[in-house]
Amino acid sequence: MAADPLGDLVIRASRVVVGDAEVPACVEVRGGRIASVTAYDRVPSAPTVVTLGEDEVLLPGLVDTHVHVNEPGRTEWEGFASATRAAAAGGVTTILDMPLNSIPPTTTVEALEVKRAAAEGQCFVDVGFWGGAVPSNLGSLSSLHEAGVFGFKCFLLDSGVEEFPPLSSSEFSSALAETAGLGALMIVHAEDGSLIDDSLLRGPTYAGFLASRPRSAEEAAISLVLSAARATGGRAHVVHLSDADAVPLLREARSSGVPVTVETCPHYLTFDAESVPDGATEMKCCPPIREAANREALWAALASGDIDVVVSDHSPCTAALKASPDFGVAWGGIASVQLGLPAVWTGARSRGCSLVDVVRWMASGPAALVGLSDRGSIAVGMQADLVRFAPDASFTVSAAALRHRNAVSAYDGMPLVGEVRETWLRGVPVADEDGPRGRLLVRGGDS
Ligand SMILES: [Zn+2]
């Protein structure tokens, strides 16, 4: 990999998100880390001083713990170069790659090595890896854990790809007991397949697709997760919560000490089922985008702290796989690693939330979730991953202009507020011409 320059500079801005406040400040970067945060008028000496515009805010780089890169094996869907370019363009400086949709899936140490080799030298932001928990590797998760994955992903129903089978409820309980013993995090796609009725999803109507995947399927699976976490003490994290009715279950479990956390995604906070046109399969994802009232309840759960983090579930595929207007045929998944920040900010500001909230949901929260203690906030000693963000600038999304591999986007044509103007990785602006400078991360430190 090319030498990794480490920026020495000062970035000065009248609005910097520091802790739970927005303040005028100078952020001094030395050797790729934040060396000091001083008052706006106390500018440390440095070879370069960058002063942000009055319309710009300095944010920490986002940490997106839910990205499907798909390389190797389905690189035509997405690859490390395109996914991480898109991430940087969206203000995301660290991604964690999901263990499925690549071939091989990341369910053995050998497969992790294959994936790391594929990623090496291609990444424009830092990349860590989740392992997968599948029936065939139960009892031997410790080897992947020791190889540095950030935790394990499992499904409780068909994952959509045959090489990544789901766990039965009893297998899930033993897997959670195993990860509890390792001190590892288990992240769960929580839908109960027995409550999903595929006969309803044929055809182009969104209502049919929505009816096929009812809220009860999420609630049943989450109940299973909660009882297993209660019984084993294993840390569980529910990925991509769509059903706001499950929030009270999670809150109650948490208040009684069950080690569980939960994420939702920008698309559940942005779109609503009532507005999805027939045949708009770019909106298909699982669990589904639900009604507007559900979306508002998700926002309330974020504001109350019942939902911990917002991450993209960037899940791209080829344009051909999204071409069918039939919800029973088109691939499910929404590619949005580049748009998470403006999408969430657009929704947040209209509901009276602040950039401090957004940073908690999308940077410091996800970093804490996976134990990345050196990033996710602007503080002395942190990696100098920073974003120049114009919170009042508006733009209209053009799928063709996005940097992930295939020009398909649920957001195409949508006006959003909040423009990412520059992204620094370890104090150096991410730029195509400088090549990929991202590092491959292992749990507990970089490699
Ligand atoms: Zn996913």
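Everything quoted here is computed from the prediction, not taken from an experiment. FYI, side chains are in, hydrogens and waters are out, and symmetry mates aren't considered; it's all heavy atoms of this structure. In each ligand, atom 1 is the first atom listed, and ligand 1 is the first ligand listed.
Without hydrogens or angle criteria, D306 side chain to R251 main chain gives no donor-acceptor distance under 3.5 Å. Listed for the T232 side chain is a donor-acceptor partner under 3.5 Å among the backbone atoms of A228.
Around the Zn ion (ligand 1), the protein atoms of type N, O or S found under 2.8 Å away are H66 NE2, H68 NE2, D313 OD1, listed by chain and number.
Looking only at atom types and distance, the side chain of D357 has a donor-acceptor partner in the side chain of S354 under 3.5 Å away. In the model, S194 has a side-chain atom that pairs as donor or acceptor with a side-chain atom of D192 under 3.5 Å. Under the 3.5 Å distance criterion, with hydrogens and angles disregarded, no donor-acceptor pair is assigned to the side chains of S409 and D412.
A salt bridge is defined here as a Lys NZ or Arg NE, NH1 or NH2 lying under 4.0 Å from an Asp or Glu carboxylate O, and R74 with E163 meets this definition.
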